[in-house]
Amino acid sequence: MVRPASVLVPRPAGLYCPPADLYIDPITPVDRAVITHGHADHARPGHGAVAATPQTLAIMAERYGADFAGSVQPLAYGETFTRDGVEITLHPAGHVLGSAQAAIRYRGLTLVVSGDYKRRRDPTCAPFEPVPCHVFVTEATFGLPVFRHPPAEVEIARLLAARAEAPGRAVLVGAYALGKAQRLIALLRQAGHEAPIAVHGALERLNALYARFGVELGPLEPVSGLSREALAGVISLAPPGALTTPWRRRFPDPLTAVASGWMGVRARARQRGVELPLIVSDHADWDELTATLAELRPEEVWITHGREEALLRWCELHGQKARALAMVGYDEEGE
Amino acid sequence: MSLSAFAALLDRLAFTPSRRGKLALLQAHFAATPDPDRGYALAALTGALDFPHVKAQAIRRAAEARVDPALFAWSYDFVGDLAETAALIWPAPNAAPNPAPGAVTGAATPALSEVVEALAGSGRGEAQARVEAWLDRLDATGRWALLKLITGGLRVGVSAALARQALAQLGGIEATAVEEIWAGLRPPYLDLFAWLEGRGAPPRAEAPGRFRPVMLAQPLDETRDLASLRPEDYAAEWKWDGIRVQVVSEGGRREIYSRTGDAISGAFPDLLDALAFEGVIDGELLVLREGRAGTFAELQTRLNRKVPSRALMADRPAGLRAYDILADETGDLRGLAFAERRVRLERLLTGRTCARLDLSPLVPFTSWRDLAALRGAPPEGEAAKAEGLMLKRWDAPYLAGRPRGPWFKWKRDPFLIDAVLLYAQRGHGKRSSYYSDFTFGVWTQSPGGGRVLAPVGKAYFGFTDAELKALDAFVREHTEARFGPLRQVRATPDFGLVLEVAFEGLQRSSRHKAGLAMRFPRIHRIRWDKPAGEADDLASLHALLARIERGPSAGVPAP
C-alpha cells in the first residue's frame with residue numbers, strides 16, 4: 001500500500017494530490033482543482049479545470065461569472081470520477097448548499113478531505129455523511145472545548161423573542177452571505193415566522209440561487225425597497241460588514257444581531273458592538289469535531305487549519321494518531 | 001423562577017449598551033420575577049452578596065479535572081475570562097450534537113434564591129460541591145451567570161444607581177425616594193418590593209449611618225438666570241475641584257459615600273478617623289495639606305486604590321471641605337433653610353476643624369457684577385484652584401435631586417485650543433455606523449526638524465447630530481490608513497481639519513506621549529475655515545500647564 005503522505009501533500013497553493021495532479025480548494029489559480037464548497041476562501045476563480053457539485057459550480061458562476069474556470073465537471077454526491085488511477089467521490093459535508101467532502105481512493109487507500117463541515121441538521125443542505133477512511137482531513141475552526149454551539153433553534157427563538165419585545169425597532173441580523181443567511185431564513189420559517197424578511201442587496205442573487213435548487217425561503221424583500229417606517233419590526237439580513245457602514249442608518253433604532261460561531265465568546269460579541277449575539281455556526285463545534293473523529297476512527301487525522309493544537313491534544317489523549325498541516329489562506333473569521 | 005431567568009437577564013444586560021435599554025430590562029425582570037428571586041437578583045446586581053467560600057481557582061481546578069489542563073489553558077487564553085471559560089468548557093451531562101430544542105439537561109435548574117441561601121449556609125468544601133452539582137445541571141449561559149454571581153464582579157454595566165432608577169420606575173416614584181431608604185434595606189428586599197407594588201408601607205429609613213440622596217445644582221445660564229435672580233437671595237461658595245461626598249457619623253457608624261450612594265470609606269481611612277462628630281455633612285473630598293487643596297490628579301491616585309498604602313496616605317492625605325449639613329445630634333436638618341443649615345454647620349465644626357476637615361468659606365458679594373469679576377479673576381490661594389462658583393438660595397431646604405432654582409453652578413470658562421483631527425474611531429450602539437470618537441493633536445518639532453502632530457486628547461461629544469454627519473463624511477473621504485475600527489485621517493500643515501477643543505484643565509501625564517492629559521475635552525467648534533498649519537502647538541499647551549500648576553492667575557482662559 002502507498003503511504004498517505006504521497007497521495008496528498010500540503011503545498012502553499014493547497015492540498016495537492018500528485019498521482020492525479022490536482023489540488024483540493026487551492027488558494028491560487030492551478031490547472032486542475034476539486035472544490036469542496038462555494039465560500040470564497042475555498043472556491044477561487046481562474047483555475048483550468050474544476051470538479052465540484054453542481055450547486056458549488058452554480059455558486060461559483062454566480063459569484064465570478066460563467067467563465068470562472070477553463071472547464072467544469074459537475075459531480076453529484078456519490079458520483080465518482082477517475083484520473084490516472086485515482087478515484088474521487090464527493091459526499092455531503094453539511095456545511096452549505098452543495099458542500100462536499102472529497103473522498104480520494106488510490107491503491108487501496110482512502111483519504112477524505114472534509115472541507116468545512118458540520119453535523120447538525122440544516123434545512124438548506126444535505127447532511128454530513130460519515131465516510132470510512134484511512135486518513136480523515138479535518139478543519140478545526142472551532143477546535144477549542146469552549147466552542148459548544150447551542151441548538152440553532154434555541155438561538156432563533158431568542159431572535160424572535162427579542163423582536164417581539166421591541167416592536168418599534170428594526171431587527172438587523174448580520175450573517176455570512178452564502179449559507180448562513182439562507183439557513184437563518186429557513187430556520188425562521190420553520191419556527192413559524194411567515195412575515196416578509198428584508199435582505200441586503202448582496203444576498204439577493206444567492207437567495208435566488210438557493211430557491212432554484214429547491215430551498216424554500218418564503219417571502220423576501222429588498223431592504224432598499226422599504227421605507228424607514230416599514231422596516232420597524234421587520235427582520236433584515238445583511239452581510240456582517242454592512243452593519244457598521246452608513247447603510248445601517250436607514251433602519252429605525254436597529255437591534256443588531258450577528259449569527260456566528262464566534263458569538264459564543266462574549267468579548268468577541270462586545271468588540272463588534274453586537275446587542276444580540278446568535279451562536280449559529282456552519283462549522284462543527286468542539287463536540288461535533290471530536291464526535292466525528294471518534295465515530296470514524298481513521299488511522300490518521302490531518303488537521304488543515306484553525307485551532308489545531310487543542311484538537312491534536314485531544315487526539316493524543318484519546319490515542320488517535322494525528323498531525324497538523326498548518327495550511328494558511330483559509331479565512332476563519334468570516335464565519 | 002429558575003436561575004435561567006437571572007442568567008438571561010445578565011446576558012441581555014451585558015450586550016445592551018443603552019441606559020434606557022438596561023432600565024427596561026431591569027424593570028421587566030423585577031416586574032415578572034417573584035420574591036425572593038428578584039430581590040437576590042437586585043442584591044447580585046448592586047454588589048450586596050458575598051460568597052467567601054467559593055474561590056475562582058477551585059472552580060478552575062474542577063474544570064481542568066473535567067477536561068484537561070492544557071485544553072483549559074488554551075481556551076482561557078482565547079476567551080480571556082476565567083468564569084466564562086469555565087462556564088463554556090464545563091461538559092454538559094449529555095452532550096449530543098442534536099438535542100431537541102429546549103431540552104432540559106438532567107435535573108431542573110436551581111432557583112437563584114436556592115443558590116444564594118444554600119451557599120450562605122455552607123462551609124468551604126460543601127459550597128464547592130454544591131456549585132459543581134449546579135454546573136452539571138445548567139446550560140452555558142446559566143453556568144456563566146452562576147460563576148459570575150459567586151466569584152464576584154458581574155460586569156454587566158449596571159450600577160446601584162441604575163438599579164435604583166429601575167426600581168423607582170417600577171413603583172412610579174422618584175429615584176431619590178428609593179435612595180433615601182436604600183441603606184436600611186437588606187436582601188431579598190421583600191419590604192421594598194411590597195412598597196413599590198403598593199402592598200405595604202415604605203420601609204423604615206432610620207438606619208444610622210445611611211446615605212441621604214444628594215442635592216445637585218443646575219448649570220447657570222448667565223444671560224437668562226442673572227437677569228431674573230436677585231443677588232441678596234443667594235449665597236456664593238467656591239466650587240472645589242475634588243469629588244462630591246457625603247460623610248456620615250451616626251451612632252458610632254462612620255461612612256463616606258460618593259454622590260451616587262456608593263460607600264467609599266475603605267479607600268479613605270485617614271478621613272474616616274477625622275469624623276469626630278455626630279451628624280451628616282456634605283462636602284468636597286480633596287487631597288488636603290495644611291488647609292491647601294491638592295490637584296485632582298493627586299486625588300485620582302487615591303480614588304484608584306480600594307485600600308491605600310500608608311505611604312500613599314502620607315503623600316496624598318485625604319480631607320473634606322464641608323459646605324452643608326443634613327443632620328446633627330438633634331436629627332434631620334434637611335427641611336431647614338440653607339442659611340440656618342450653614343449656622344448649624346459652622347457651629348458643629350467649631351473647634352473640630354483640623355488638617356483633615358475644614359469649612360468651605362462663603363464668598364461675600366453684593367452684585368452679580370462683583371461676583372462675575374471674582375469668578376474671572378479669583379484671589380490668590382485656594383480660590384484660584386476652584387472650578388468656579390456655586391450659588392445657593394439662602395431660604396432653600398435641602399432637596400434631593402436636581403431642582404431648578406435653588407442651586408446653580410457657575411463654572412469658570414473652559415480652556416480652548418485649536419487642534420488637528422488625527423484619528424477617528426467608530427462609536428458604539430446608536431453611533432456604530434459613525435466615526436464619532438476623535439483623536440486630535442497639536443504641532444510639535446519632530447527629531448528631524450519637521451513639524452509633526454502630537455496627539456493630545458480624544459473627544460466624542462460636544463457636536464450636534466448634523467456636525468457628526470459632516471465629521472463622519474470628512475473622515476471617510478480623507479482616510480489615509482485603517483487599523484481595525486480606527487481610521488487615520490489626512491493631516492498635514494497644508495491639509496487637515498481643525499477642531500476647537502474645550503477642556504477643563506491640564507494634568508502632567510507620563511502615560512501620554514505629549515506629557516500631558518486634558519480633563520473633559522470636547523469638540524467646541526469645527527473650524528472648517530482654519531488652515532491646519534495654524535492650529536496650536538505643544539509648547540503653548542505646556543506653557544498653559546505650567547500656568548495652571550502655579551495656581552494664581554492661571555484661571556485666565558484662552559480667548
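Chain A is the first sequence line, chain B the second, and so forth, proteins listed ahead of strands; every chain is numbered from 1.
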| task | Let me know which of L231(A), L159(A), V234(A), T256(A) forms a side-chain contact (heavy atoms from CB on, under 4.5 Å) with V171(A). | result | L159(A)
| note | Turns out that what part of P254(A) lies under 4.5 Å from chain B's heavy atoms comes down to neither
| remark: Okay, Q271(A) and chain B: the region with an atom under 4.5 Å from a heavy atom over there is neither
| request: Check whether F72(B) gets within reach of chain A through its side chain, its backbone, both or neither, counting any heavy atom under 4.5 Å. | output: neither
| field | Worked check of ring pair (Phe, Tyr, Trp, His ring centres under 6.0 Å) between F461(B) and F438(B) | value | CA-CA 9 Å; F461(B) 66 103; F438(B) 304 103; over 10 Å; no
| request: Let me know if D285(A) has heavy atoms under 4.5 Å from chain B in its side chain, its backbone, both or neither. | output: neither
| said: Could you go through F128(A) and H91(A), starting from their C-alpha distance and side-chain angles, then the distance that decides it, and tell me whether this counts as ring pair (Phe, Tyr, Trp, His ring centres under 6.0 Å)? | reply: CA-CA 8 Å; F128(A) 179 93; H91(A) 300 272; 9.7 Å; no
| What's the shortest heavy-atom distance between V158(B) and L26(B), and which atoms? | CG1-CD1, 4.1 Å
| note | Scored by heavy-atom pairs under 4.5 Å with chain B, the best of E275(A), R266(A), R313(A), R158(A) is R266(A)
| task | Name the region of D81(B), side chain, backbone, both or neither, that has any atom closer than 4.5 Å to a heavy atom of chain A. | result | neither
| Between A87(B), S75(B), A140(B), which shows the greatest number of heavy-atom pairs under 4.5 Å with chain A? | S75(B)
| query | Among T85(B), T16(B), I89(B), D11(B), which residue forms the greatest number of heavy-atom pairs with chain A at distances under 4.5 Å? | reply | I89(B)
| Going through the checks in order, is the salt bridge (charged side-chain N to carboxylate O under 4.0 Å, His left out) test met by E288(A) and K118(A)? | CA-CA 7 Å; E288(A) 292 168 71; K118(A) 69 173 176 291; over 6 Å; no
| said: Would the distance check show the side chain of R163(A) and the main-chain N or O of P167(A) forming a donor-acceptor pair, the cut-off being under 3.5 Å? | reply: no
| query | For chain A, which of L88(B), V79(B), D472(B) has the most heavy-atom pairs under 4.5 Å? | reply | L88(B)
| query | When you measure from the centre of the six-membered ring of W286(A), is the NZ or CZ of R148(A) under 6.0 Å away and within 45° of the axis? | reply | no
| field | Short side-chain to backbone donor-acceptor contact, K148(B) and A83(B), under 3.5 Å | value | no
| task | Could you look at V265(A) and say if it's the side chain, the backbone, both or neither that has a heavy atom under 4.5 Å from chain B? | result | both
| request: Flag this pair as yes if the NZ/CZ of R183(A) is under 6.0 angstrom from the six-membered ring centre of Y176(A) and inside a 45 degree cone about the axis; otherwise no. | output: no
| task | Against chain A, work out which of A86(B), P485(B), S432(B), A73(B) has the most heavy-atom pairs shorter than 4.5 Å and name it. | result | S432(B)
| said: What part of T244(A) gets within 4.5 angstrom of chain B, counting heavy atoms only: side chain, backbone, both, or neither? | reply: both
| query | Does any heavy atom of chain A fall under 4.5 Å from the side chain of A14(B), the backbone, both, or neither of them? | reply | both
| request: Using non-hydrogen atoms and a 4.5 Å limit, figure out which bit of W90(B) sits close to chain A: side chain, backbone, both or neither. | output: backbone
